[in-house]
Amino acid sequence: MFKEKVLGLMNQAELQIDGKLKEIDRIIDQNQWKVIRTFQKHRVSDYHFAGSTGYGYNDRGREVLDLVYADVFGAEAALVRPHFVSGTHTIGTALFGVLRPGDELLMITGRPYDTLHKVIGQPGDGKGSLQDWGIRYGEVPLLEDGSPDFAAISSRITPSTRVIGIQRSRGYSWRPSFTVAQIGEMVRYVKEIKPDVIVFVDNCYGEFTELTEPTEVGVDLMAGSLIKNPGGGLAATGGYIAGKAKYVELASYRLTAPGIGGEVGAMLGTTRSIYQGLFLAPHLVGQAVKGSVFAASVFEQLGFVTHPRWNDPRTDLIQAIRFTSAEHLIAFVQGIQQAAAVDAHVVPEPWDMPGYEHPVIMAAGTFIQGGSLELSADAPIREPYIAYMQGGLTYSHCKMGVLTAIQNMIDRGLLS
Ligand SMILES: *Cc1c(COP(=O)(O)O)cnc(C)c1O
């Protein structure tokens, strides 16, 4: 079904990335064994999967799930719940949990992910945003080369700086993501200046791409989405917060209410899929990372600029590819959609998404709505014509998406 030229590109890419794929297999092995051993340690058993109703008191499955997540991430405690509606909600809950009026949140990795801008808000916006509550906000832009501006960070930390925020993944911007080792350096740096500061990491898209997680290098609190990496494609909704027990507890009071915290919350039949998703997550994350490496290799062969490049170290799922026209972006995103098992007959078109300055085109042929451990792609239609792809529950599916995109470009006369 693919033209000879397309298959030739695939073969060449697979020769090039062979060693890299083996490295990813080693990461999958280590993380898979870590997750299984943690399940074993906590004697995870069939009865943990029963869903609770009502208040959900004494839901042992929920309690053990928190312990398993905490251990897998090398954290003191975790709060893993289907009641988090999205990654943004989870991150917001963690921040509101630990910040008080007069405190400052200082982001040291530049402008955070788009959906967080409204959580941070403006003083007096009347929305109950962080700044509306009298929490101050500061942001230190990254340096030209994408690294943290340590000198500026040290001059911005004041006695009221309560939380230092770090975003691990590039998100949808053309900058490097931060490895766990780099996050560890940031933690050491800021704690030297202010030992009692709480370091928070937005860990979305990062889980299981490396052998360790931010909570293993001194990060106090982190959060992520269950419809991304750790949900393993099976969790239908939810998020997690992990870190120091006292901060996770404060976040739990925000999710429910002070005095209630994580002791209540019916799981409504979601428990088994959250456990099983965590069990699958190391493998599926590995499939998605292989897909990103494959995409980078193929598009580099075709002369496009990629970020990260195929051989760069990886710490998240996102692959950015810089094309040379809007037509390339559209052919790419439509190709990803055409290769989906779900909604392949739907043709994505650029549209004026609320909150965005330029039309955006998106491919999301997913089993879980918006689930982005599944193969998906986004591209704002503007120069410099960058498409972002992420996810893929199987490596074969990722390859099919990339090859369909290239086939489209050939059919539309966009490649010589
Ligand atoms: C996805 C993501 C979020 C927000 O998650 P939603 O589920 O879309 O609300 C925040 N930060 C980063 C880096 C993300 O990738």
Side-chain angles (χ1 to χ4, degrees), residues 80-96 105 107-121 129-130 139 142 146 163 165-180 182-183 186 200-210 213-214 219 221-233 235-242 251 255 274 277 281 285 288-289 292 307-308 314-320 353-356 360 362-364 366 368-380 386-392:
V80 188
R81 293 294 183 277
H83 312 108
F84 289 116
V85 301
S86 66
T88 306
H89 179 208
T90 315
I91 292 164
T93 303
L95 294 174
F96 274 105
L105 162 65
M107 280 298 297
I108 63 167
T109 50
R111 196 105 191 93
Y113 194 79
D114 271 41
T115 58
L116 294 172
H117 300 173
K118 294 234 165 86
V119 174
I120 294 161
S129 64
L130 287 168
E139 186 176 288
L142 294 170
V163 173
I166 296 169
Q167 182 180 308
R168 177 174 176 183
S169 169
R170 74 195 58 241
Y172 301 117
S173 63
W174 192 265
R175 62 113 162 136
S177 302
F178 296 110
T179 62
V180 173
Q182 289 170 319
I183 290 171
M186 296 182 217
F200 170 79
V201 168
D202 170 356
N203 204 31
C204 283
Y205 284 134
E207 302 88 353
F208 301 119
T209 56
E210 294 192 61
E213 297 296 336
V219 163
L221 196 62
M222 68 179 186
S225 166
L226 296 194
I227 64 167
K228 293 180 181 171
N229 308 18
T237 185
Y240 76 86
I241 293 172
L255 173 63
I274 298 177
V285 167
V289 174
S292 288
H307 200 348
R314 303 243 161 193
T315 189
D316 68 2
L317 302 187
I318 299 183
Q319 179 63 51
M353 222 173 110
Y356 288 79
V360 178
M362 295 183 171
T366 56
I368 303 284
Q369 188 190 89
S372 48
L373 176 59
E374 299 185 52
L375 183 61
S376 45
D378 307 69
I386 297 167
Y388 297 92
M389 71 165 254
Q390 64 273 320

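As the structure lists them, so they are numbered: ligands from 1, and atoms in each ligand from 1. Throughout, residue positions are numbered sequentially from 1 according to the sequence presented.
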Enumerated ligand 1 atoms positioned under 4.0 Å from heavy atoms of [X]:
X: Ser86; result: 7 (O), 9 (O)
X: Tyr205; result: 15 (O)
X: Thr88; result: 4 (C), 5 (O), 6 (P), 9 (O)
X: Ile91; result: 10 (C)

Backbone or side-chain N or O of Tyr113 under 3.5 Å from ligand 1 N or O: no
Nitrogen or oxygen of Ser169 less than 3.5 angstrom from that of ligand 1: no
Parallel, tilted or perpendicular: ring planes of Tyr388 versus Tyr172, cut at 30 and 60 degrees: perpendicular
To check your reading of the model: name the closest protein heavy atom to [atom], its residue, and the distance in Å.
atom: atom 1 (C) of ligand 1; answer: Lys228 NZ, 1.3 Å
atom: atom 11 (N) of ligand 1; answer: Asp202 OD2, 2.6 Å
atom: atom 6 (P) of ligand 1; answer: Gly87 N, 3.5 Å

Would you confirm whether [X], through its side chain, and [Y], through its main-chain N or O, come within 3.5 Å as a donor-acceptor pair?
X: Asn229; Y: Tyr205; answer: yes
X: Glu210; Y: Thr179; answer: no
X: Thr209; Y: Thr315; answer: yes
X: Gln319; Y: Pro308; answer: yes
X: Thr88; Y: Leu116; answer: no

Heavy atom of Ile227, distance to ligand 1 below 4.0 Å: no
Ser376 and Gln390 side chains, donor-acceptor separation under 3.5 Å: yes
Arg168, portion touching ligand 1 at heavy-atom distance under 4.0 Å: neither
Side chain, backbone, both or neither: His89 near ligand 1, heavy atoms under 4.0 Å: neither
side-chain hydrogen bond (donor to acceptor under 3.5 Å, both in side chains) assessment of Ser169 paired with Tyr113: CA-CA 9 Å; Ser169 169; Tyr113 194 79; over 6 Å; no
